[in-house]
Amino acid sequence: MADYYIILCSLAITVVAFCYYYISNYDFWKNRGIRGPKPTIFFGNFKDVTMQKRAISTFVKKLYDEYKHAQAIGIFQGSTPILVVKDLDLIKDVLIRDFSLFVNRGIPTFPKVEPLSEHLFLLKSEKWRPLRAKLSPVFTSGKLKDMFPLVVECANHLEEYLDKLAKNKEPVECRDLSGKFTTDVIGSCAFGIEMGAFKNEDNEFRKMGKQIFLPSIRTSLRNACKQITPFLYNIFGGVLQPPGINEFFTNAIVDTIKYRMKHNVVRPDFVNMLMELKQHPHKIENIELTDSLLTAQAFVFFIAGFETSSTTISFALYELAQNQEIQDKLRAEIRETCQEGVTYEKVKQMKYLDAVFRETLRKYPVLSALTRQASEDYTFKGTKITIPKDTIVWIPVHGIHHDPQIYPDPEIFNPERFTDDAVASRHPMSYLPFGDGPRNCIGARFAHYQSKVGLITILRNHKVDVCEKTTIPFKAMKESFLLALEGGVYLSITKAE
């Protein structure tokens, strides 16, 4: 009996200690005079997000709106304090002026259980700096011009597929449609592989891409474990990974590099840059260029390139279907500019297409918040706000993009917000779909051209319209970390006059 009593007491002490560990830090922001919502044990302020009762975009916007006049807000993820910075000048300090103190994103990685997480988006500064410098040339204007014919070739397959859809007269899930296009593009431009996503529904890359972002119980458990018990996740997280992802992408990259080196194949794509790094590892000091590290770079290019661009294309079509006059104006520009085909220079000339694209990302930023981590104690200029080293900073992109003081009537889709004069009148930090500063999205220019070619191809000879399956008004999917429409983007696609 005494043994049972000792065991029960030990368990009780362990539980109390565990709970105390989580609540002991909850005065962190109060002690610094920074306002914020009251946290909940274990979850902090993320209970509804973790339990999938609220989308992250909804959470960010609600937080932004509730603390309307605050320069910054203090919240907690689990027991970890996060400072949400609202003031645009302070945001500029974080992203640009004092970037050297906020290089890292502060998102934990678990290389043992997630080998492909060591990619450019998440890497810490010591690996990020040299890799960014070596990979940036892939996304220069010259390289994009070289890759552009590959994008147009994929667009031709999209055109053929659209003609079949228009004849069927069935509602089309446009995120899946655009996902097939972007899978083809990324496959060609990153891996040098013809994917055939429009012809082959069982395409392995397409299946893997869907699996990565598919909401599931496994994904929910993985995210909750990362947030609440990261030390346990680092040990047992392997069982929560999507099966086969790591092996599939590693084999795809390693086999492609071996084949190209053996047959002396050269293509203007991402794998070619990885080949050069593998052949000349001395060009990057203090980094072991393992197959896993190289694969991780191609992996993030694939998931970011196909998912974010396909989502943006589908959101643009969603708005154009509801705003026929904007769609007609855009189609007129497309037909006038691209009478003799689509070229890199012609896409660059299209001002209204650019405005539609930018307004889509204004209203529907795929990432609802940007994250940074202070590398030393830091006091924000002109304020009494001081944060200690390693504090996580959030920039609430979704809230900023929907602030009526910055964008009047923010729920209205209005491309005229992005005329040259309108852009010049706003604070440069009021538009952040790709971040800003030295650690902005490395593939932003590629995303621009890929998405625009997709929209040109869809709208030049076809019309999108709402149908009985279209979700209106917009409702964010609660299970998705990236912004997504609940139920999918279903629209009608017909031949345009």
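In this chain, residues are counted from 1 in sequence order. Treat the numbers as computed from the prediction; the structure is a model and nothing was measured.
- Cation-pi contact between Lys86 and Tyr67: absent, since separation from the ring centre below 6.0 Å together with deviation from the ring axis within 45° is not met.
- A donor-acceptor contact shorter than 3.5 Å links the side chain of His401 to the backbone of Leu432.
- A cation-pi arrangement is absent between Arg439 and Phe99 under the rule of less than 6.0 angstrom and at most 45 degrees off the ring axis.
- With hydrogens and angles ignored, the 3.5 Å screen pairs no side-chain donor or acceptor of Ser309 with any backbone N or O of Ser451.
- For the ring pair (Phe, Tyr, Trp, His ring centres under 6.0 Å) criterion with Phe46, the lone passing option out of Phe59, Phe481, Phe76 is Phe59.
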Evaluate the side-chain contact (heavy atoms from CB on, under 4.5 Å) criterion for residues Thr311 and Leu482: first the C-alpha distance (whole Å), next the side-chain angles of each, then the deciding distance (0.1 Å), finally the verdict.
CA-CA 9 Å; Thr311 299; Leu482 300 178; 5.9 Å; no

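- Between Phe270 and Phe302, the ring center distance fails the sub-6.0 Å criterion.
- One distance of note links CG of Leu367 with OG1 of Thr308; it measures 8.5 Å at 0.5 Å rounding.
- Remark: side-chain polar atoms of Arg358 are not paired, donor with acceptor, to backbone N or O of Arg417 under 3.5 angstrom.
- Ile313 contributes atom CD1, which lies 12.0 Å from atom NZ of Lys452 (distance to the nearest 0.5 angstrom).
- For the pair Arg32 and Phe28, the distance from NZ or CZ to the six-membered ring centre is under 6.0 Å and the angle to the ring normal is within 45 degrees.
- Inter-residue side-chain proximity for Phe434 and Leu361 is flagged as met; some heavy-atom pair is nearer than 4.5 Å.
- Thr379 and Thr386 are linked by a side-chain donor-acceptor pair at a separation below 3.5 angstrom, with hydrogens and angles left out of the test.
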Between Val453 and Phe181, is a side-chain contact (heavy atoms from CB on, under 4.5 Å) present by the stated rule, with each step listed?
CA-CA 10 Å; Val453 171; Phe181 168 65; 4.3 Å; yes

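- A donor-acceptor distance shorter than 3.5 angstrom exists from the side chain of Ser425 to the backbone of Ala422, with no hydrogens or angles considered.
- The backbone N or O of Ile392 lies less than 3.5 Å from no partner atom in the side chain of Gln373, so there is not a single donor-acceptor pair.
- Ring orientation note: the planes of Phe139 and Phe446 are nearly perpendicular, at an angle over 60° on the 30°/60° scale.
- For Lys112, the NZ atom counts as loosely surrounded, since its 6.0 Å shell holds 12 or fewer non-hydrogen atoms of other residues, nucleotides or ligands.
- Taking 4.5 Å as the limit, some side-chain heavy atom of Leu90 sits within range of a side-chain heavy atom of Thr383.
- Contact annotation: the side chain of Ile385 approaches that of Leu83 to within less than 4.5 Å [non-hydrogen atoms, C-beta and beyond].
- Within the 4.5 Å cutoff, side-chain heavy atoms of Glu118 are placed close to those of Lys127.
- Using a 4.5 Å heavy-atom threshold, the side chains of Leu135 and Phe301 count as separate.
- What you find for Trp394 and Pro396 is that their closest heavy atoms are O-CD, 3.8 Å.
- In terms of modelled atom types and a separation under 3.5 Å, the side chain of Gln327 and the main chain of Asn323 share no donor-acceptor contact.
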Output, in order, the C-alpha distance, side-chain angles, deciding distance and verdict of side-chain contact (heavy atoms from CB on, under 4.5 Å) for Ile253 and Val271.
CA-CA 8 Å; Ile253 289 298; Val271 167; 4.0 Å; yes

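- Outside the 6.0 Å centre-distance limit, the rings of Tyr407 and His402 are not counted as a close aromatic pair.
- The CZ atom of Arg362 sits 10.5 Å away from atom OG of Ser430, with the distance rounded to the nearest 0.5 Å.
- At least one side-chain heavy atom of Leu483 sits less than 4.5 Å from a side-chain heavy atom of His398.
- At distances below 3.5 Å, at least one donor-acceptor pair connects side-chain atoms of Tyr318 with backbone N or O atoms of Thr471.
- Classification of the His119-Phe299 ring pair by plane angle, with boundaries at 30° and 60°, yields tilted.
- Between Lys351 and Asp420, the closest side-chain pair of non-hydrogen atoms falls below 4.5 Å.
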Begin from the C-alpha positions of Lys180 and Asp184 and carry the test salt bridge (charged side-chain N to carboxylate O under 4.0 Å, His left out) through to its verdict.
CA-CA 6 Å; Lys180 290 175 179 175; Asp184 272 3; over 6 Å; no

Please lay out, stage by stage, how Val466 and Gln322 fare under the test side-chain contact (heavy atoms from CB on, under 4.5 Å).
CA-CA 7 Å; Val466 297; Gln322 297 175 71; 3.8 Å; yes

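- Legend: residues meeting side chain to side chain contact (heavy atoms under 4.5 Å, CB included) with Ala355, ordered by chain and number and at least two apart, are Pro415, Phe418.
- For the pair Ile395/Ile400, a side-chain contact is recorded, criterion being any heavy-atom separation below 4.5 Å from C-beta on.
- Taking all atoms of both residues into account, the shortest heavy-atom contact from Ile56 to Ser368 is CG2-OG, 3.9 Å.
- Considering every non-hydrogen atom in both Thr391 and Pro81, the closest pair reads CG2-O, 4.4 Å.
- No side-chain donor-acceptor contact under 3.5 Å links Trp29 to the backbone of Ile73.
- Under the 3.5 Å distance criterion, the side-chain polar atoms of Asp390 are left unmatched by any main-chain donor or acceptor of Ser375.
- Pro37 and Asn45 get closest at one heavy-atom pair: O-ND2, 3.2 Å.
- Of all heavy-atom pairs spanning Met429 and Asp436, the tightest one is CE-OD2, 3.1 Å.
- Although no hydrogens or angles enter the test, the distance criterion places a donor-acceptor pair under 3.5 Å between the side chain of Thr470 and the main chain of Cys467.
- Interatomic distance, Ser57 OG to Lys478 NZ, rounded to the nearest 0.5 Å: 10.5 Å.
- Sorted by first and then second residue, the salt bridge (Lys or Arg N to Asp or Glu O under 4.0 Å) pairs involving residues 69-80 (not counting sequence neighbours) form an empty list.
- When all heavy atoms of Arg132 and Cys441 are compared, the closest pair comes out as NH1-C, 4.4 Å.
- For the atom pair NZ (Lys329) and CG (Leu353), the distance works out to 12.5 Å, reported to the nearest 0.5 Å.
- The OG1 atom of Thr58 sits 10.5 Å away from the CG atom of Asp48 when rounded to the nearest 0.5 Å.
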